[in-house]
Number of protein chains: 2
Amino acid sequence: MAEVIDRRALRTRKALHSALMSLILRKGYEATTIQDIIDEADVGRSTFYGHYTGKEDLLRNGFQILRRELTDAQRAARAGTDGAQDEPLGFSRAMFEHAAGYADVYLAMVGGRGGVVAISELRKVLSEFVRKELPAARDDGAVSRELVVQFVVGTLLTVLTWWLERRPGLTPSQADAMFRRLALNGAGASIRTRSRVG
Amino acid sequence: MAEVIDRRALRTRKALHSALMSLILRKGYEATTIQDIIDEADVGRSTFYGHYTGKEDLLRNGFQILRRELTDAQRAARAGTDGAQDEPLGFSRAMFEHAAGYADVYLAMVGGRGGVVAISELRKVLSEFVRKELPAARDDGAVSRELVVQFVVGTLLTVLTWWLERRPGLTPSQADAMFRRLALNGAGASIRTRSRVG
DNA sequence: TATGATGATGAACACCATGTTCGGTATGGT
DNA sequence: ACCATACCGAACATGGTGTTCATCATCATA
């Protein structure tokens with residue numbers, strides 16, 4: 001887990017990660033067996049266990065890569081626009097863009113195919129970002145800060161899922177607009193049309 | 001799956017369901033094996049397979065019970081208040097009350113312990129309810145109706161999870177109030193406090 | 001209360017994934 | 001060229017799976 005230098009080890013790890021990805025896309029995480037992974041990656045059984053303790057370990061490890069990529073995308077976006085987006089929830093845009101690039105992977109994670117692990121890990125990563133984005137949201141007595149964070153993350157995932165599953169035609173910025181609207185203003189405007197039949 | 005009449009069959013099914021519940025609470029769904037279930041339920045291996053095709057089948061089946069209970073609670077609540085709650089999202093209150101009664105089970109489902117199956121099944125049940133509650137929400141060009149449904153369900157689950165995991169002391173009606181506020185008005189009010197350091 | 005039907009039992013089965021061990025081989029860094 | 005180290009692959013014990021079958025218990029009726 002510490003400093004990996006040897007090329008052979010790197011090769012092996014990459015092979016295992018991409019094998020797991022292919023398999024998740026093909027048959028889902030739960031249904032994927034370690035046997036499948038090492039077959040797909042052409043790696044010896046003992047080699048696998050030399051690197052990871054099991055498939056969950058392998059998957060969790062993969063999310064560190066995602067975290068890094070997202071952080072970079074974040075920085076790049078911020079630099080590109082001269083730091084002009086201090087808007088609330090300014091980070092979401094870069095996220096939707098990133099998701100557009102890896103639509104198949106995100107779709108697998110966000111649909112059921114990544115198992116509980118993927119969802120909870122994704123939530124964890126997103127929570128970090130959102131928490132950074134809401135540095136001083138006042139904890140008005142009504143709704144606690146942590147609940148707001150969870151709410152924003154939940155909305156992000158809802159829009160993301162809906163986008164990838166049912167409206168893949170939309171652009172990232174369109175999806176982002178819907179996210180912002182829901183997260184900031186809620187669904188009140190779309191709901192208050194109840195027939196108040198006296 | 002059809003008409004079950006024989007007492008013996010009913011006994012067996014009940015035993016299996018409650019065994020699965022105990023085990024999910026104790027060690028989580030994924031970690032629970034069929035062996036565990038039939039041991040806990042004191043039921044023969046072949047008997048299990050005579051009723052269900054596997055543990056997933058058993059769990060899915062259990063959610064039909066939940067659906068029925070929720071529907072009843074719904075009807076009861078509506079009857080109790082002389083149909084006075086035509087408010088938007090009026091159904092949520094009964095749901096939080098119900099959750100308070102089975103806090104441990106809900107907690108297991110909503111945390112990771114119920115596996116992907118439980119979460120997706122719970123989402124399905126809740127989506128039905130929400131869809132019924134938003135009969136004619138206008139599909140304003142901005143946000144599609146189905147997205148609104150998913151958003152409301154997501155918010156419901158977010159608040160539910162946060163409540164059961166971190167603020168179990170709150171009353172159902174307090175949790176419900178937070179849900180309403182977030183679902184209807186979003187988090188804008190809690191967020192627009194960014195330090196706009198020029 | 002006797003009876004036929006149906007459900008439950010539990011042992012036995014082949015099958016497959018798991019996680020570990022170990023002697024041997026190939027490839028890396030220097 | 002050397003040696004450390006990563007990989008290999010076969011073998012192993014373990015444990016869960018899903019099925020079958022003969023036997024026994026319990027149910028619904030007459």
Side-chain angles (χ1 to χ4, degrees), chain A residues 1-62 65 112-118, chain B residues 1-62 65 112-118:
Chain A
M1 191 68 74
E3 322 76 21
V4 184
I5 0 177
D6 202 309
R7 291 180 196 171
R8 294 171 291 180
L10 283 180
R11 263 187 58 81
T12 301
R13 295 196 171 212
K14 281 192 182 180
L16 287 173
H17 272 117
S18 83
L20 178 59
M21 275 309 154
S22 306
L23 286 164
I24 287 182
L25 293 177
R26 200 179 315 150
K27 47 190 292 194
Y29 171 75
E30 319 271 13
T32 295
T33 141
I34 294 188
Q35 197 63 51
D36 294 334
I37 301 176
I38 64 185
D39 285 351
E40 175 90 12
D42 272 311
V43 152
R45 183 169 203 70
S46 50
T47 305
F48 177 92
Y49 285 105
H51 286 277
Y52 304 100
T53 70
K55 61 172 179 165
E56 178 165 336
D57 190 24
L58 174 59
L59 180 56
R60 286 219 137 86
N61 206 286
I65 303 174
R113 280 179 298 166
V116 196
V117 187
Chain B
M1 190 68 72
E3 324 75 22
V4 184
I5 0 177
D6 202 306
R7 292 179 195 170
R8 293 171 290 180
L10 283 180
R11 262 187 60 80
T12 301
R13 295 196 171 211
K14 281 192 183 179
L16 288 174
H17 273 118
S18 82
L20 178 58
M21 276 308 153
S22 306
L23 287 164
I24 287 181
L25 292 177
R26 200 179 315 152
K27 48 191 288 193
Y29 171 75
E30 320 271 11
T32 296
T33 136
I34 293 188
Q35 197 63 50
D36 295 334
I37 301 176
I38 65 185
D39 285 350
E40 174 91 12
D42 272 311
V43 152
R45 185 171 200 67
S46 49
T47 304
F48 177 93
Y49 285 105
H51 286 277
Y52 304 100
T53 69
K55 62 171 178 166
E56 178 166 335
D57 190 24
L58 174 59
L59 180 56
R60 287 219 136 86
N61 205 287
I65 302 174
R113 281 179 297 166
V116 196
V117 186

Whole-Å gap separating [atom2] ([N]) and [atom1] ([X]):
| X | N | atom1 | atom2 | value |
| --- | --- | --- | --- | --- |
| Gln35(A) | dG16(D) | CD | C1' | 16 Å |
| Ile38(B) | dA11(C) | CD1 | C1' | 12 Å |
| Glu56(A) | dT18(C) | CD | P | 13 Å |
| Leu23(B) | dG16(D) | CG | P | 13 Å |
| Asp39(A) | dG9(D) | CG | P | 11 Å |
| Ile37(B) | dG16(D) | CD1 | C1' | 12 Å |
| Lys14(B) | dA8(C) | NZ | P | 14 Å |
| Glu30(B) | dT17(D) | CD | P | 13 Å |

Does Lys14(A), at its NZ atom, have more than 12 non-hydrogen atoms belonging to other residues, nucleotides or ligands within less than 6.0 Å?
no
*Hey, are Lys55(B) and Glu30(B) close enough for a salt bridge, meaning a charged N less than 4.0 Å from a carboxylate O?*
no
Measuring to OP1 and OP2 of dA6(D), would you say a side-chain N or O of His51(A) lies under 4.0 angstrom away?
no
Nearest-nucleotide check on DNA chain D, Val43(A) vs Gly54(B); residue mapping nearer the 5' end is Val43(A)
The residue, Thr53(B) or Arg11(A), whose nearest nucleotide of DNA chain D is more 5′ is Arg11(A)
Donor-acceptor contact present, side-chain Asp57(A) to main-chain Gly54(A), <3.5 Å
no
Original post:
Is Asp42(A) touching bases, backbone alone, or none of the nucleic acid, heavy atoms closer than 4.0 Å?
Top reply: sugar-phosphate
Remember a base hit wins even if backbone is also touched, and classify Thr47(B) as base, sugar-phosphate or nothing at under 4.0 Å, heavy atoms. base
Note: for Tyr49(A) and Arg45(B) on DNA chain C, the residue whose nearest nucleotide lies more 5' is Arg45(B)
By nearest-heavy-atom nucleotide on DNA chain C, the more 5' of Arg7(A) and Ser46(B) is Ser46(B)
Report yes or no: is the cationic atom of Arg13(A) (NZ for Lys, CZ for Arg) under 6.0 Å from the centre of the six-membered ring of Tyr52(A), at an angle within 45° of the ring normal?
yes
Side chain of [X]: nearest nucleotide among [options]?
| X | options | value |
| --- | --- | --- |
| Ile34(A) | dG19(C), dA28(D), dT17(D) | dG19(C) |
| Asp6(B) | dC7(D), dA8(C), dC27(D) | dC27(D) |
| Thr33(B) | dT26(D), dC7(D), dG16(D) | dG16(D) |

Begin from the C-alpha positions of Asp6(A) and Arg11(A) and carry the test salt bridge (charged side-chain N to carboxylate O under 4.0 Å, His left out) through to its verdict.
CA-CA 9 Å; Asp6(A) 202 309; Arg11(A) 263 187 58 81; over 6 Å; no
